[in-house]
Amino acid sequence: MGLAPAAGENAEPAAALKSEDAAEAWFEDVTPRTGIDFVHVSGTSAEKPFPASNGSGVGALDYDLDGRYDLLFLTGTPFPLDPARREPANGFYRNRGQWRFEDASALSGLDHSGFSAGVAVGDYDSDGFPDVYVACYGPNVLFHNQGDGTYQALPGAGAEDPRWATSAAMLDYDEDGLLDLYVCNYGQWTWETNPFCGDRVRNVRIYCSPLSIPPEPDVLLRNQGDGTFADVTASAGLAARAGRAQGVLATDLNDDGRIDLYVSNDMHANSLFLNQGGGTFRDASESSGVAYDFEGQRQAGMGVAAGDTNGDGLPELLVTNFLDEHNAFYENLGGGLFNDVAAARGLAADSRPWVGWGTCLEDLDLDGWLDLLVTNGHLDDNLHLLGQTTPYASPPLLWRNLRGRFLRVGPSGGTYFQRTHVGRGLAAVDLDNDGDQDVVISHQDAGPAVLRNRRLEMRDTPRADLSAGDQPAGNHPPSPGPASLVVRLIGTRANRDGIGARLTLSAFGNTAPGVAPADPGRSLVRQVIGGGSYLSASDRRQVFAVLPGEQRLTLVVQWPGGGQTRLEDLQAGQSYVLVEPSYSSSLPLRISYPLESPR
């Protein structure tokens with residue numbers, strides 16, 4: 001049965017709850033049919049090496065530009081590390097269509113065998129092909145896409161920071177058109193100094209507290225434009241804070257047109273760095289309201305997500321946290337100020353029993369409102385030996401956004417959400433090009449999950465944000481199902497991936513018989529974000545919901561660096577590739593093709 005919200009937190013009408021439980025499944029677990037046989041290795045052992053507890057991520061990218069997004073799965077490796085060990089290795093799977101993938105790990109050259117944690121994807125040299133950065137315990141690795149289906153590791157590029165790295169993000173912080181790298185570093189830990197934590201009398205060892213590990217500062221690497229990177233952390237104003245960083249995202253958080261940085265830290269205050277221009281940042285962590293939760297406590301920040309969840313055009317921030325902590329939800333008040341309203345928006349109580357990791361804010365049901373998905377899983381699988389009942393495997397959590405408030409989705413999420421897992425990384429990506437976001441989740445010491453979004457298939461499904469009297473009429477011609485419009489940006493003056501761009505889709509509706517009237521003048525604001533989630537890289541194509549009756553669609557793109565273009569008469573059911581014009585007064589090159597039918 002579906003989980004009712006906690007009293008006083010998300011008291012939605014009973015009709016809405018009933019609608020959720022009666023709906024068809026949002027997601028189908030299609031992992032068995034994909035042919036993906038990758039199995040993650042955490043590197044855990046009886047000695048409980050700390051990096052093994054945090055897992056590894058997953059990256060989504062179209063490495064060969066065939067229009068289908070491929071998947072890179074990262075893995076750990078046993079401790080102590082052995083440079084001569086060739087297995088386990090990262091797995092790369094090429095998308096062949098029809099939900100079939102083929103193992104291209106060795107062929108691509110992405111089968112790195114060190115301890116891999118996080119991944120960032122972006123075209124750092126602007127040659128049109130996505131490059132890959134793998135953050136490791138040990139030297140990080142920058143892989144250059146050769147354009148022929150293979151990657152080459154570049155150990156001399158200045159990006160191989162040897163410290164214990166977690167997540168990473170690509171961004172153009174200085175607006176020179178080249179993607180730079182922000183790398184999260186966790187802490188100072190070695191196999192030789194790994195302490196015993198747990199119960200010596202019963203000889204039960206568990207992972208130590210993060211507080212046992214001194215933090216390491218993060219690093220900002222500037223793209224020099226010649227294939228190399230330079231450490232500019234200090235000169236950019238980012239060297240003062242060190243906080244066992246785990247998640248990072250790059251987006252404009254104070255609406256000044258510049259890309260900012262938000263970092264979630266483990267048992268440290270989270271960090272917000274506002275871009276001042278001129279290649280420098282201002283530390284606004286304490287003054288902005290995003291460093292602590294609503295009780296003024298620091299949390300075990302892990303995954304991060306950003307997006308406009310209430311329709312005011314400003315992005316909110318979501319941070320996943322540890323057991324007995326709630327996932328923090330910072331509502332954007334404007335002017336660089338935020339407020340943790342997780343309890344008021346229906347997100348606190350459901351998240352407290354679990355350890356949260358990867359996450360996304362995406363319009364998963366295509367109703368125009370960003371929904372939330374979080375994958376969960378504990379650190380230790382032996383707590384029962386200490387008399388604790390905390391489970392190792394945990395249920396993933398899915399919330400539907402009801403006009404700015406969130407309702408936990410029950411069994412209608414699908415069979416994957418009715419089982420428990422030891423989740424870590426999460427990437428949102430449209431794997432079948434049908435115009436909705438599918439989800440890929442990595443697990444500890446197990447294979448991943450590939451979840452197909454089914455919402456585009458559904459017809460006559462009651463909408464939980466409408467009362468019974470406002471539902472589309474039944475026993476008549478079927479009401480139109482959800483539709484979408486997809487946009488991919490290619491920068492020319494701006495960075496090639498368009499990271500930092502702001503897109504506004506305005507939709508004007510014509511009321512049609514038998515459907516709910518569309519909101520007049522409705523606008524959706526999305527940003528192309530660098531980083532996000534936990535140790536993972538998601539699809540950067542922007543998916544816009546088109547509601548029944550909406551026919552006149554206008555898109556305004558604010559490119560990084562200040563250029564703006566406007567496109568009118570766009571059509572639902574189409575995927576658009578927009579190439580930034582050389583001059584702001586001209587129109588971008590527009591290429592469109594129909595979305596594929598969901599199947």
Polar side-chain atom of [X] near backbone of [Y] as donor-acceptor pair, under 3.5 Å:
X	Y	result
Gln527	Ala250	no
Asn339	Val341	no
Ser533	Ala427	no
Tyr133	Met170	no
Asp231	Thr233	yes
Ser536	Leu426	yes
Tyr330	Tyr292	yes

What is the minimum heavy-atom distance between [X] and [Y], and which atoms define it?
X	Y	answer
Trp164	Gly187	CE3-O, 3.5 Å
Phe38	Ala89	CE1-O, 3.7 Å
Thr251	Ala306	CG2-CB, 4.3 Å
Pro49	Gly43	CG-O, 3.4 Å
Gly257	Glu175	O-OE2, 3.8 Å
Ala342	His326	CB-CD2, 3.5 Å

Using side-chain heavy atoms (C-beta onward) and a distance below 4.5 Å, is [X] in contact with [Y]?
X	Y	answer
Val543	Glu362	no
Asp293	Glu325	no
Asp252	Arg502	no
Pro88	Pro78	yes
Asp218	Val183	no
Asn401	Leu361	no
Asp70	Asp62	yes
Asp172	Asp180	yes

Without hydrogens or angle criteria, can the side chains of [X] and [Y] be said to hold a donor-acceptor pair below 3.5 Å?
X	Y	result
Ser264	Tyr534	no
Gln299	Asn321	yes
Asn145	Tyr151	yes
Asn275	Tyr173	no

Tell me every residue that passes side chain to side chain donor-acceptor pair (under 3.5 Å) with [X], counting only those two or more places apart in sequence or in another chain.
X	result
Asn265	Ser271
Ser287	none
Asn194	Trp189
Gln542	none

Enter the distance from [X]:[atom1] to [Y]:[atom2] here, rounded to the nearest 0.5 Å.
X	Y	atom1	atom2	value
Arg282	Phe273	CZ	CZ	12.0 Å
Leu524	Ser506	CG	OG	8.5 Å
Leu178	Arg496	CG	CZ	12.5 Å
Arg541	Asp430	CZ	CG	5.0 Å
Met267	Gln246	CE	CD	11.5 Å
Leu489	Thr565	CG	OG1	8.0 Å

For this session: Any side chain to side chain donor-acceptor pair (under 3.5 Å) involving residues 49-61? Give me the pairs, sequence neighbours left out, ordered by first then second residue.
Result: His40-Ser56
Exercise. Going by the side chain to side chain donor-acceptor pair (under 3.5 Å) test, which pairs reach into residues 105-115, not counting sequence neighbours?
Worked result: Arg86-Ser113, Asp103-Ser105
Seminar exercise, completed: For residues 220-252, the ring-ring contact (aromatic ring centres under 6.0 Å, His included) pairs (sequence neighbours left out) are Tyr124-Phe229
For this session: Mind telling me whether Trp191 and Phe79 have parallel, tilted or perpendicular rings, with 30° and 60° as the class edges?
Result: parallel
Problem set entry | Steps toward side-chain contact (heavy atoms from CB on, under 4.5 Å) verdict (Thr359, Asn327) | CA-CA 10 Å; Thr359 183; Asn327 292 339; over 6 Å; no
For this session: Kindly determine whether Val528 and Leu503 satisfy side-chain contact (heavy atoms from CB on, under 4.5 Å), including the steps that lead there.
Result: CA-CA 8 Å; Val528 183; Leu503 299 87; 3.8 Å; yes
Set of residues satisfying ring-ring contact (aromatic ring centres under 6.0 Å, His included) with respect to [X], sequence neighbours excluded:
X	value
His378	Phe322
Tyr63	Phe92
Tyr182	none
Phe329	Phe406

For this session: Might you work through the side-chain contact (heavy atoms from CB on, under 4.5 Å) test for Val58 and Ile441, ending with a clear yes or no?
Result: CA-CA 7 Å; Val58 54; Ile441 298 175; over 6 Å; no
For this session: For Asn376 and Val355, run side-chain contact (heavy atoms from CB on, under 4.5 Å): C-alpha distance rounded to whole Å, both residues' side-chain angles, the deciding distance at 0.1 Å, then the answer.
Result: CA-CA 5 Å; Asn376 301 300; Val355 181; 5.8 Å; no
For this session: Apply salt bridge (Lys or Arg N to Asp or Glu O under 4.0 Å) to the pair Asp174 and Arg222, showing each step before the final yes or no.
Result: CA-CA 9 Å; Asp174 53 0; Arg222 183 178 184 270; 2.8 Å; yes
Distance-only criterion, 3.5 Å: show the donor-acceptor pairs between side-chain atoms of residues 311-320 and protein atoms not counting sequence neighbours.
from: Asp312; atom 1: OD1; to: Leu314; atom 2: N; distance (Å): 3.0
from: Glu316; atom 1: OE1; to: Thr309; atom 2: N; distance (Å): 2.9
from: Glu316; atom 1: OE1; to: Thr309; atom 2: OG1; distance (Å): 3.0
from: Glu316; atom 1: OE2; to: Asn332; atom 2: N; distance (Å): 3.1
from: Thr320; atom 1: OG1; to: Gly303; atom 2: N; distance (Å): 2.7
from: Thr320; atom 1: OG1; to: Gly356; atom 2: O; distance (Å): 3.3
from: Thr320; atom 1: OG1; to: Trp357; atom 2: O; distance (Å): 2.9

For this session: Could you tell me whether Arg94 and Asp64 make a salt bridge, using a distance below 4.0 angstrom between a side-chain N and a carboxylate O?
Result: yes
